[in-house]
Amino acid sequence: MADKIDLATFNFGQRGHTDELGLRFVAQGDDWAELAFDYDPKLAMNSDIGILASGPIISLIDTVSGAAIIARNNRFRPMATLDLRIDYMRAATPGRSINARATCYRVARNIAFVRCEAHDGDPDDPVASAMASFFFTAD
């Protein structure tokens, strides 16, 4: 059996917008991945209040969902986000890191399906919950 792919080597925080957000690898399993970013005031939607804008959280959820698919397939396949639905439960607490853990629960021939939750310190009190599907653009 081949070794499991190590998502820590993907350097999520060194590519485009993921670099700007400071996305970093946290952990992975056979069908899941967890990434995070630290709070940065430049990501706030209002500097007076300090509450994060939705964009960084969306990017985190989208990226970790793709990482969960890579973990499940144990290989990288080019893919595009087909559908991404995010329900925001509450505003993230200013000053706290945001973690997101995604689980790939089904892979079909050309599509993979993922569930994800993002939190700011307590996984039982999520900031957002998401469902996504991804289309494989090549083999």
Side-chain angles (χ1 to χ4, degrees):
M1 177 180 224
D3 291 334
K4 291 300 287 180
I5 197 164
D6 182 6
L7 294 175
T9 64
F10 271 70
N11 298 319
F12 291 99
Q14 296 180 0
R15 295 185 178 139
H17 74 281
T18 60
D19 181 40
E20 289 296 315
L21 296 176
L23 290 191
R24 59 182 158 70
F25 173 81
V26 175
Q28 77 179 86
D30 290 342
D31 61 356
W32 61 270
E34 185 171 347
L35 301 178
F37 67 86
D38 294 326
Y39 180 83
D40 186 334
K42 74 179 181 186
L43 303 176
M45 66 179 174
N46 180 324
S47 59
D48 295 334
I49 301 170
I51 294 175
L52 287 173
S54 60
I57 297 170
I58 293 167
S59 292
L60 172 63
I61 289 171
D62 189 49
T63 304
V64 75
S65 295
I69 295 167
I70 294 168
R72 166 105 184 222
N73 286 338
N74 199 35
R75 70 181 178 114
F76 175 79
R77 288 177 71 186
M79 64 185 102
T81 307
L82 187 60
D83 184 49
L84 177 60
R85 177 200 160 94
I86 301 175
D87 292 317
Y88 288 94
M89 311 299 176
R90 63 181 178 81
T93 304
R96 291 190 181 170
S97 297
I98 304 294
N99 283 52
R101 182 171 174 163
T103 302
C104 179
Y105 63 93
R106 171 126 167 75
V107 176
R109 189 181 72 187
N110 293 317
I111 300 177
F113 301 89
V114 180
R115 293 182 187 99
C116 181
E117 288 202 340
H119 65 86
D120 60 3
D122 181 359
D124 293 327
D125 187 18
V127 169
S129 181
M131 299 284 290
S133 58
F134 290 77
F135 180 79
F136 296 115
T137 58
D139 278 328

Query raised in the report: Taking all atoms of both residues into account, what is the closest heavy-atom pair of Ser54 and Tyr88, and its distance?
Result: CB-OH, 3.4 Å
Requested in this report: Among Leu43, Val127, Thr93, Asp40, find the residue that satisfies the side-chain contact (heavy atoms from CB on, under 4.5 Å) test when tested with Leu52.
Outcome: Leu43
**Report entry** Shared hydrophobic cluster for Leu84 and Met131 (ILVMFWY, side-chain gaps under 4.5 Å)
**Finding:** no
Query - Test log, rule side chain to side chain contact (heavy atoms under 4.5 Å, CB included), inputs Phe134 and Asp62 - result: CA-CA 10 Å; Phe134 290 77; Asp62 189 49; 3.6 Å; yes
Report summary line: In this structure, OG of Ser133 is separated from CE of Met79 (nearest 0.5 Å) by 12.0 Å
Requested in this report: Under the side chain to side chain contact (heavy atoms under 4.5 Å, CB included) rule, what do Leu60 and Leu21 come out as? Steps first, then yes or no, please.
Outcome: CA-CA 9 Å; Leu60 172 63; Leu21 296 176; 5.8 Å; no
Requested in this report: Could you state whether Ile86 and Met45 fall into the same hydrophobic cluster, counting links through intermediate Ile, Leu, Val, Met, Phe, Trp or Tyr residues with side-chain heavy atoms under 4.5 angstrom apart?
Outcome: no
Query raised in the report: Can any side-chain N or O of Arg72 pair as donor or acceptor with the backbone N or O of Cys104 at less than 3.5 Å?
Result: yes
Query raised in the report: When you check the side-chain N and O atoms of Ser97 and Asp38, is any donor under 3.5 Å from an acceptor?
Result: yes
Query raised in the report: Is Asn74 reaching over with its side chain to a backbone N or O of Asp3, donor-acceptor style, under 3.5 angstrom?
Result: yes
Requested in this report: Considering non-hydrogen atoms only, spot the tightest contact between Ala68 and Trp32 and give its length.
Outcome: CB-CA, 4.1 Å
Query raised in the report: In terms of hydrophobic clusters joined by side-chain contacts under 4.5 Å, are Val26 and Ile61 together?
Result: no
Report task. With the side chain counted from C-beta on, respond yes when Pro123 and Glu117 share a heavy-atom pair under 4.5 Å apart, and no when they do not. Result -> no
Requested in this report: Enter the distance from Phe37:CZ to Thr18:OG1 here, rounded to the nearest 0.5 Å.
Outcome: 12.0 Å
Report task. Determine, stepwise, if the pair Val64 / Arg101 fulfils side chain to side chain contact (heavy atoms under 4.5 Å, CB included). Result -> CA-CA 7 Å; Val64 75; Arg101 182 171 174 163; 6.0 Å; no
Report task. Working to the nearest 0.5 Å, report the span between CG of Leu35 and CD of Gln28. Result -> 10.0 Å
**Report entry** Exercise: identify the closest heavy-atom pair between Ala71 and Ile5
**Finding:** CA-CG2, 4.4 Å
Requested in this report: Give, for atom CZ of Arg85 and atom OG of Ser129, the distance between the pair rounded to the nearest 0.5 Å.
Outcome: 9.0 Å
Query raised in the report: At their closest point, which heavy atom of Arg77 faces which heavy atom of Ala138, and how far apart are they?
Result: NE-O, 3.8 Å
Query raised in the report: In terms of hydrophobic clusters joined by side-chain contacts under 4.5 Å, are Tyr39 and Leu23 together?
Result: yes
Requested in this report: Provide the closest heavy-atom pair for Pro126 versus Met89 in the form atom of the first, atom of the second, distance.
Outcome: O-CB, 3.3 Å
Query raised in the report: Does the Asn73 side chain pair with the main chain of Arg75, one donor and one acceptor, at a distance under 3.5 Å?
Result: no
Query - Hydrophobic cluster membership, Ile111 vs Ile69, 4.5 Å side-chain cutoff - result: no
Requested in this report: Report the residues that fulfil side-chain hydrogen bond (donor to acceptor under 3.5 Å, both in side chains) with Arg90, sequence neighbours left out, ordered by chain and then residue number.
Outcome: Asp120, Asp125
Query raised in the report: If every non-hydrogen atom of Leu7 is compared with every non-hydrogen atom of Ala67, which pair is closest and at what distance?
Result: CD1-O, 3.5 Å
Requested in this report: For Thr137, check side chain to side chain contact (heavy atoms under 4.5 Å, CB included) against everything at least two apart and list the hits.
Outcome: Pro78, Ala80, Phe135
